[in-house]
Structures are given as structure tokens and as C-alpha cells.
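First the structure, in the form of C-alpha cells, and then the observations on it.
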Number of protein chains: 2
Amino acid sequence: MTVTEELVDRLVAFRSHVGRSSTAERVADVLRGQLIEGTLAPGARLSEEAIGSALGVSRNTLRESFRLLGHERLLVHEFNRGVFVAKPTADDVVDLYRARRPQELAALRAAEHAPDEAIARVGEALARGERAYGDGDWWGIGTENMRFHEAIAALAGSPRVDEFVRRLLAELRLVFHVMSVPREFHAPYLGRNREIYELLRAGRVEAAADHLAAYLDDAEHQLVEAFTTLDGR
Amino acid sequence: MTVTEELVDRLVAFRSHVGRSSTAERVADVLRGQLIEGTLAPGARLSEEAIGSALGVSRNTLRESFRLLGHERLLVHEFNRGVFVAKPTADDVVDLYRARRPQELAALRAAEHAPDEAIARVGEALARGERAYGDGDWWGIGTENMRFHEAIAALAGSPRVDEFVRRLLAELRLVFHVMSVPREFHAPYLGRNREIYELLRAGRVEAAADHLAAYLDDAEHQLVEAFTTLDGR
DNA sequence: ACCCGAGGATTGTTCAACAATCCTCAGATT
DNA sequence: AATCTGAGGATTGTTGAACAATCCTCGGGT
């Protein structure tokens, strides 16, 4: 392999960063950030006029962005009524866990064939989470916890699974906002993440999967519990 | 529960059929049909001008449709170049099976909690497939085989999983076209579908899952095989 | 308290226009 | 002959305005 061929190979990885020139996608990125950050409250209506002029894009372009986020279930589009920030219910929580559980568990069980690099990324997310804990950065803990599970799903080495799980976790963030989950919610799971990671690194993937299964059951239960007690909606 | 309340409950199920008033979605439906039917060859470029005027919709509306189908990976959108019918590779086949396997297997294993209605739907798809076989309707066999697996995934009772799997299977149809799979491809799997269904009905979900796992492995293998031998690309 | 309808606001869709980019292909260069 | 180059045309990206369709609000009437 020549030098230029090597360069070309390396450049291919950046293609996605270069190609994203579409305004609609950039707008979607901005809005997605505001959504998972919680700046836009669940249930709120997004006016085409207001947001379009605020971001300096035309209504047509903005509508393309809305479609993108609608397909990620972050926005719901009601015909002739407008788009609203999704407002997940307890049923959605159950569904989200039902959808992610098989993928994450399967990815973990297949981790023997995963490249070391992928396993390392799990550890990195965990480390960042623990650092955030040390700093008392509660929001950071949540973010890195999300990354941790993204990294676990990525062990399967499937772009489609990656995207699916990423979407589910983004939606889960909306759940945290709609029920204003306590800031310390994620902290207890940090220790369990470490256990799972250690088992994974030791090659004991079955034990790791069992741990994760219990983890997911507990988290789902806790969320549904909080939903049905604190909130009638 | 009063009579009208019962009626209302029944009507809710039709909401999705009523609300789809958007032209963009109707256009997407038409195009999706043509795509999985094979009328639009993989790799072909879809001109906004040509298709827009052919369907009598404006470019803006058509672009919304393109976005929808792009997110289903049936079309690929290349910036400033246009949209093309997706052209799956052998890697995509591997990925598609990697993504659907955990969901279908998990759904089958959890089938004990599935309502009888959902199990019945699996049987109906199977029956329709067998009828198509009797009629020598090869395309119908493929369609019903797809429905069969959709129904299996639906045993999980998760809308998100349903949508995910439906999307994967639609993409798989594109694979069949890009490699012009022989018309008898699906027939041998019909018998295995019945075995799986019988085990499912007998409540032997673990055995059914094992069967399905072998089924998926074989199908994936056969497709990848055909890809690497018949076709260089 | 409830029904009703007019008016205004918002969305759905189209059209036309222009900038930005890509593709083609003839001509020049080596 | 093969490759480079650039002009021109075609296509996409995005905008702005316009109008129809629909929804929401808010009085007035019963």
C-alpha cells in the first residue's frame, strides 16, 4: 500500500464530517442539542415562524429539519397543528427498555469478537463518567452514562444498531426531563457500570450480560415507579 | 364501559390511517412501493424535476419525501448530487442480520407474555405464504416471508422494535433486487417457518428461538455467499 | 353552561427565482 | 493517445412570497 493510499484510507473516516453541509441537518443538530439539554420543554410547540427567523433559515428548510427530528421521535408532528417536543409516557419508558435490552445484551455477549478498540471506548466513557462524579458534574454523569451504553451497543460492530440505540438513548433523555429526575439519579449506576466493564475486560461476557440485564431491569423499574407515583399525566 | 367508549377504543387503532394526510408521506409511500417492488433499480438516480412533475408535486414536497426514505436507508442522499436508490453490499447484508437477529430472537423468547392475537398473526402470515407457494406466486412468498418475520418481531409488543425491524426487512428487499436473487430463494425457508411456528404455538419458545437462530445464520450465509461469488462490486 | 360561527393565526403546498455545485464535452497541452 | 482545462448547461440547495386549508380563539346567542 502506497503512502497516498494510506492517506486516502484515513481520510475516508472524515467523510461524514465534511459532507454535512446541509443547512437542514445543521439546524437539526442545533435543535437536537437544545432538546436533550432540556432547553425546550417536553410538550412545547415549536413555531415555524419563530424558530425559522430565530435561526435565520426559511420555513421550507426548517420543515426538513423537523422531519429529521420527528423520525428520531424527539419531535412529534401533528398534521395542521405543528410540531411539539415529544412528551414520553411510562409506556414509552417500558418500550424504550424493551427495545434496547436485546441489542445491548447481544452486543455484550458477542464482545469476544469485538476489536480491543471498541472495548477501550467503553472504558473511556466509564472513566469520563467517574471523573464527572468526582467533579460533582451531575449532568456530565448522565451524558457519559449514555455514552457508556452507546459504546456497549457498538461492540456489535453494526452501524444500524449503533444508530438505533443512539436514538433510543436520546429519547430517554427526554424522559429524564419530562419527569425531572433527581440529579443524583445516575450516580448509583456508575458503580454497576464499572462492574460490567471489569467483567467485560476479563472476557467474562456472560456474567457481564447478566449484570447488565439486572441493571436495565432496575433502571426501568425505578423510572416507571417514579412515573406512576409522582405524576398522573 | 359504554358502547361508545368501546367504539372509540376501536377507532383509535385507525388513527394512523386517517392522519396520514400529508402529501409528502403519500409520495413516500408510492416511492417505497416502487422501491421494494424493484421498479426503481438500485443505484439509479432520482431526479427531482422528473419525479416531481411525474407525481404532480412540487420540488419542496418531494424533497421531504426523499428525506423520509433516506432515513429508512432506501435512498441515499448525496449532497449536491441528488438521491439514489440504495445499493446494498455484502457488508450491509451482514449488518442487517446482525441488527435483526437479537430483536427477533428476544421477541420469540418473550412470546409467553405475548397476546394470543399476536401469535395468531404469525400463523396468518405463514398461511398466506403457503398459499402463495401453492399458487406458484414467488413474489408473494417473499412478501409473506417478510410479514412472518415482522410478526415474530411484533411478539415483543414494542412499537419501536416493530418499526426498526420493518425498516431492516424493507432494506433486505433491496438486497434481493441488487443481486437478483433466484425466484425460488424463499421457498425452502417456508418449511422452516412452519417448524418455528409450531414450536411457538406449543409454547416451546426456546426451541423455536434455536430454530430461528439457525435459520438466520443460514439465510445470511447464503446471501453473502451469493454476493461474493456472483458479484465483485 | 353549552353551542356556534366569524376572524385571525398557523400550517400545507406550490411556484419562481437565484446561488452553488456538479457534470459534460470540446479544445488545448504534453 | 492520453490527460488536463475550462466554459456552458443541468441539477441541486435555499429562499421568499403567495394562497388554500385547517385550527384556535373569542365573542354572542341559546
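Letters A, B, ... are given to chains in the order of the sequence lines, protein chains preceding strands, and every chain is numbered from 1. Please read all numbers here as calculations on a predicted model, not as lab measurements.
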Roughly how many Å is it from CG in A:L62 to C1' in D:dG16, rounded to a whole number? 15 Å
Could you check how far CD of B:E48 sits from P of C:dA20, rounded to whole Å? 18 Å
Between A:N60 (CG) and C:dT14 (P), how many Å, whole number? 11 Å
When you check the phosphate oxygens OP1 and OP2 of D:dC24, does a side-chain N or O of A:R81 lie under 4.0 Å from one of them? yes
Would you mind reading off the distance between A:E78 atom CD and C:dG12 atom C1', rounded to a whole angstrom? 15 Å
If I take atom CZ in residue A:R26 and atom C1' in nucleotide D:dT14, what distance separates them, rounded to the nearest angstrom? 11 Å
State plainly whether the residues B:E117 and B:R121 are in salt-bridge range, i.e. N to O under 4.0 Å. yes
For atom CZ of A:R101, is the number of surrounding heavy atoms from other residues, nucleotides or ligands below 6.0 Å larger than 12? yes
For B:G56, answer base if it contacts any base atom (sugar-phosphate contacts may also be present), sugar-phosphate if it contacts only those atoms, and nothing otherwise; contact means non-hydrogen atoms under 4.0 Å. sugar-phosphate
Between B:N80 and A:G82, which has a closest nucleotide on DNA chain C that is more 5'? A:G82
Between P of C:dG12 and CZ of A:F79, the distance in whole Å: 6 Å
Should B:R59 be listed as having a side-chain N or O under 4.0 Å from OP1 or OP2 of D:dT11? no
Residue A:R45, side-chain atoms from C-beta onward, closest of C:dA16, D:dT22, C:dT10: C:dT10
Atom-pair distance (CZ on A:F84; P on C:dT10), nearest Å: 12 Å
State whether A:T61 places a side-chain N or O below 4.0 Å from either non-bridging phosphate oxygen (OP1 or OP2) of D:dT15. yes
Side chains of A:D137 and A:R131: does their closest heavy-atom pair fall under 4.5 Å? no
Output the rounded distance in Å from CZ (B:R63) to C1' (D:dT12). 6 Å
With a cut-off of less than 4.0 Å, is there a side-chain N or O of A:H77 near OP1 or OP2 of C:dG12? yes
Salt bridge A:R160-B:D92, side-chain N to carboxylate O under 4.0 Å: yes
Below 4.0 angstrom, N of the basic side chain to O of the carboxylate: do B:R26 and B:D29 qualify? no
